[in-house]
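As structure tokens, the structure follows; a few thoughts come after it.
Chain naming here is simple, since letters A, B, ... match the order of the sequence lines and numbering starts at 1 in each.
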Protein chains: 2
Amino acid sequence: MLSTNMKNETDIRQVLWQLAFQFKVSTKRAVRDYDLPLNGMHVRLLQMIHRHPDCTAQQIAGVTGRDKAQITRVIKELEGMALITRTPDPEDRRAQLLSLNDKGQGLMARIQDAEDEVKKTLLKGINKKDQNTFIEIGNRMLDNLRD
Amino acid sequence: MLSTNMKNETDIRQVLWQLAFQFKVSTKRAVRDYDLPLNGMHVRLLQMIHRHPDCTAQQIAGVTGRDKAQITRVIKELEGMALITRTPDPEDRRAQLLSLNDKGQGLMARIQDAEDEVKKTLLKGINKKDQNTFIEIGNRMLDNLRD
DNA sequence: TCATATTGGTTGACAACATCAACTAGTGAA
DNA sequence: TTCACTAGTTGATGTTGTCAACCAATATGA
């Protein structure tokens, strides 16, 4: 049967490609199961802002590697949903500092629950040491790709 | 600076998300640099069919986890570009067996070159043992996600 | 063997994400 | 003050993912 044939094509590209896809699918499902009115990018940016209060759109674009146009749009949607606030940067009137408001903070807790569930599934039966190894090697690959 | 702050948020989700994104970007660039008139999905499916001649759309959908609608469309495009041929499965008149034709075979060599370059970049400075460890752990995660 | 469920594939509609270029407004340096 | 540059916005357009309806062939089972 084909599926058994394919199992041992353990090319690293296949692993990355599949892992990315399956991870995205799982996350999306978790978010939906928790009745969060968000899509993947919303979640990503909320987490970003949560972790780095008063960051700017530009910084997010830089770190994630996404196009700034896309960041702008997602931020606008998040603001439209009253989850974040934008305040002009006093030191640079072009920039705006992003932060979660109360509603956004509230959502974060539920987002964490959903994501923790995915993480739990993902890492089932994989010990801490292997997890760290994986992350460490993954980061080296990332450094390579980013030049 | 923010970028240095963010470097040590080595959450596994961040790594997966970023790795997926950067990998996609690199692959896309490589494909473009090699002047291949293809997008990511084209490449993926061509490789699939190359590795598993006479597979069906359904099998590809199953293995990759993608929606069959999407598979259908990409296959139609590949056929439109005269890279693959579809022949009805003699044992099941609903199904069609997919295979690369000469032109498709010809492209495969150049696709391999492009992808090998990405792979070389990706794995620079990472020894075989670590590569295998990464793949092995990645596969375990995949099994977890796929239930 | 005839109704029924299932499967392989197709199509349409649409949401999510990416990309590129043009533009405004503020900043910084010569 | 001029000029290059940066933060952010907008529009257009392409790619990928998702869902539901549908057709034809097949398998099931009463």
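A donor-acceptor contact under 3.5 Å links the side chain of Arg94(A) to the base of dT6(D). Judged by atom type and distance alone, Arg73(A) reaches the base of dT19(C) through a side-chain donor-acceptor pair under 3.5 Å.
Taking atom CD on Glu77(B) and atom C1' on dT10(C), their separation rounds to 14 Å, with Å as the unit. If you take CE of Met41(B) and C1' of dC17(C), they are 14 Å apart, rounded to a whole angstrom. For the pair Arg66(A) CZ and dT15(D) C1', the computed distance is 14 Å after rounding to whole Å. The distance between atom CD1 of Ile75(B) and atom C1' of dT11(C), rounded to the nearest whole Å, is 15 Å. Rounded to whole Å, the distance from NZ on Lys76(B) to P on dT10(C) is 7 Å.
The side chain of Arg32(A) places no N or O atom within less than 4.0 Å of a non-bridging phosphate oxygen (OP1 or OP2) of dA16(C). An OP1 or OP2 oxygen of dA7(D) is reached within less than 4.0 angstrom by no side-chain nitrogen or oxygen of Arg86(A). A close approach under 4.0 Å does not occur between any side-chain nitrogen or oxygen of Asn39(B) and OP1 or OP2 of dG14(D). A close approach under 4.0 Å does not occur between any side-chain nitrogen or oxygen of Gln70(B) and OP1 or OP2 of dT10(C). Look at Lys28(A) and you'll find a side-chain N or O under 4.0 angstrom from OP1 or OP2 of dT18(D). The shortest distance between the side-chain N/O atoms of Lys24(A) and the OP1/OP2 oxygens of dC17(C) is not below 4.0 Å.
With salt bridges taken as basic N to acidic carboxylate O contacts below 4.0 Å, one links Arg44(A) and Glu115(A). Using a cut-off of 4.0 Å between Lys/Arg side-chain N and Asp/Glu carboxylate O, Arg73(A) and Glu77(A) are scored as not salt-bridged.
Ring-plane geometry between Trp17(A) and Phe23(B) is classed as perpendicular, the angle between the planes exceeding 60 degrees on a 0 to 90 degree scale with a lower cut at 30.
Within the nucleic acid shown, Arg44(A) has no heavy atom closer than 4.0 Å to any nucleic acid atom.
Side-chain contact between Arg51(A) and Met108(A): absent, with no pair of heavy atoms (C-beta onward) separated by less than 4.5 Å.
The residue among Gln58(B) and Asp67(A) whose nearest nucleotide of DNA chain C is located toward the 5' end is Gln58(B).
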